[in-house]
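Following: one structure in structure tokens, then a few remarks.
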Amino acid sequence: MTEIKFDPKKLKKLNDPKRLEQIPPDGLQKALNLDRAEVLVDLGAGTAFFSLALLQQLKAKTVYACDLSEVMLSWIRENVCPDHPAVVPVLSGESSVPLEDGIADLVFMIALHHELEHPMDSLSEAMRLLKPKGKILIVDWLKGRTAQGPPEKIRCTPEQVSEQLVQTGFSGIRIHENLPEHFMVTGHRPA
């Protein structure tokens with residue numbers, strides 16, 4: 001594992017209920033200004049922790065939990081799918097997701113952006129997956145010292161993420177800084 005990629009051996013950390021206090025799903029919903037969404041795509045889903053949270057919050061029919069780690073996807077198949085058949089694990093690359101164009105109402109990445117080797121390629125893939133007017137949500141660690149999270153040197157700023165979204169063609173980009181250790185950036189695919 002490279003320093004910027006999450007170590008799958010630490011996957012239990014991803015299921016810590018305190019994460020929902022740090023990144024509350026109702027706060028994500030408010031930032032998105034979205035009451036419901038039928039199809040969600042979770043890029044870098046890990047254990048599908050936020051896939052489940054947003055599935056329930058947005059009353060979605062399907063959430064594609066995409067990850068490049070077979071360890072994570074196996075965990076999802078064994079521990080999530082039996083009780084939540086709407087969660088569909090998908091083996092994907094960092095900037096290639098084997099799903100059809102325009103499938104999603106929402107594409108989201110929680111604590112993933114700092115791991116991306118080629119963020120513009122990943123954002124272009126997110127754009128491809130979204131329906132016209134579909135929304136994107138990126139939540140990541142604030143720069144600066146926090147009690148947990150990745151090394152500061154690999155963290156990005158919300159302004160950097162916002163600029164990358166602009167360059168990729170997203171519209172309506174907003175930075176939300178109401179989380180204690182994270183930032184949130186939202187936008188949408190033009191009509």
query: Okay, side chain of E94, backbone of L116: is any donor-acceptor separation there less than 3.5 Å?
result: no
message: Is the shortest side-chain heavy-atom distance between V80 and W75 below 4.5 Å?
response: yes
statement: For L43 and L129, the nearest pair of non-hydrogen atoms, with its separation, is CD2-CD1, 4.4 Å
query: Do the side chains of P98 and Y64 get nearer than 4.5 Å, heavy atoms only?
result: no
field: Worked verdict on K135 versus F108 for side-chain contact (heavy atoms from CB on, under 4.5 Å)
entry: CA-CA 8 Å; K135 299 197 176 188; F108 63 98; over 6 Å; no
message: So, taking the atom named CD1 in I136 and the one named OG1 in T186, what distance separates them when rounded to the nearest 0.5 Å?
response: 10.0 Å
- prompt: Is V166 linked to M109 within one hydrophobic cluster, defined over Ile, Leu, Val, Met, Phe, Trp and Tyr using a side-chain heavy-atom separation of less than 4.5 Å?
  reply: yes
message: For a quick test of reading the model, state the closest non-hydrogen atom pair linking I76 to G46 and the distance between them.
response: CD1-O, 3.2 Å
message: On a heavy-atom basis, which atom in A65 and which in V87 lie closest, and how many Å separate them?
response: CB-CG1, 4.0 Å
- prompt: Between the side chain of R174 and the main-chain N/O of G187, is any donor-acceptor distance below 3.5 Å?
  reply: no
Sequence neighbours excluded, every pair satisfying side chain to side chain donor-acceptor pair (under 3.5 Å) that has a member inside residues 123-134: D101-R128, D105-K131, E125-R128
- request: Report yes if the side chains of L58 and L34 come closer than 4.5 Å at any heavy-atom pair, otherwise no.
  value: yes
- prompt: So do the side chains of Q29 and D35 get within less than 4.5 Å of each other, counting heavy atoms only?
  reply: yes
message: Between H176 and V139, is the side-chain contact (heavy atoms from CB on, under 4.5 Å) condition met? List the steps.
response: CA-CA 9 Å; H176 311 264; V139 176; over 6 Å; no
message: How long is the straight-line distance from CG of L73 back to SG of C81, given to the nearest 0.5 Å?
response: 9.0 Å
message: Testing the basics here: between F49 and R19, what is the closest heavy-atom pair and its distance to 0.1 Å?
response: CE2-CB, 3.7 Å
- prompt: Side chain of T168, backbone of F170: donor and acceptor closer than 3.5 Å?
  reply: no
Residue pair P17 / L20, side-chain heavy-atom distance below 4.5 Å: no
- prompt: Does a donor on one side chain and an acceptor on the other come within less than 3.5 Å for H182 and E177?
  reply: no
- request: Check whether the side chains of Q164 and Q160 place a donor and an acceptor atom closer than 3.5 Å, and report yes or no.
  value: no
task: Over all heavy atoms of both residues, which pair between L179 and Q22 is shortest? Give the atoms and the distance, please.
output: CD2-O, 3.4 Å
- line: Here the gap from K59 atom NZ to E38 atom CD, rounded to the nearest 0.5 Å, amounts to 12.5 Å
- prompt: Can you name the residues that form a side chain to side chain donor-acceptor pair (under 3.5 Å) with S74, not counting sequence neighbours?
  reply: E70
message: Could you measure the distance from the OG atom of S162 to the CD atom of Q167? Nearest 0.5 Å is fine.
response: 10.0 Å
- request: Nearest 0.5 Å please: distance from the NE2 atom of H118 over to the OG atom of S95.
  value: 7.5 Å
task: With rounding to the nearest 0.5 Å, note down the distance linking CG in D26 to CD in Q57.
output: 5.5 Å
task: Answer with yes or no whether the side chains of D42 and S51 bring together a donor and an acceptor at under 3.5 Å.
output: yes
- line: With sequence neighbours left out, the residues meeting side chain to side chain donor-acceptor pair (under 3.5 Å) with S122 are none
- prompt: Are I138 and L165 close enough that some pair of their side-chain heavy atoms sits under 4.5 Å apart?
  reply: yes
- prompt: Does a side-chain heavy-atom distance below 4.5 Å link T47 with N79?
  reply: no
- request: Show your reasoning for whether side-chain contact (heavy atoms from CB on, under 4.5 Å) applies to L54 and V63.
  value: CA-CA 9 Å; L54 285 174; V63 60; over 6 Å; no
- prompt: Can you find a pair of side-chain heavy atoms, one from V161 and one from H113, that are under 4.5 Å apart?
  reply: yes
- prompt: Quick check: are there more than 12 heavy atoms from other residues, nucleotides or ligands sitting under 6.0 Å from CG of D16?
  reply: yes
query: Do you know the tightest heavy-atom contact between I110 and L137?
result: CD1-CD2, 4.4 Å
task: Before giving the answer on side-chain contact (heavy atoms from CB on, under 4.5 Å), spell out for W141 and E152 the whole-Å C-alpha distance, their side-chain angles and the decisive distance to 0.1 Å.
output: CA-CA 9 Å; W141 294 92; E152 185 177 358; over 6 Å; no
task: Please check if V107 and I175 belong to a single hydrophobic cluster, counting links between Ile, Leu, Val, Met, Phe, Trp and Tyr side chain heavy atoms closer than 4.5 Å.
output: yes
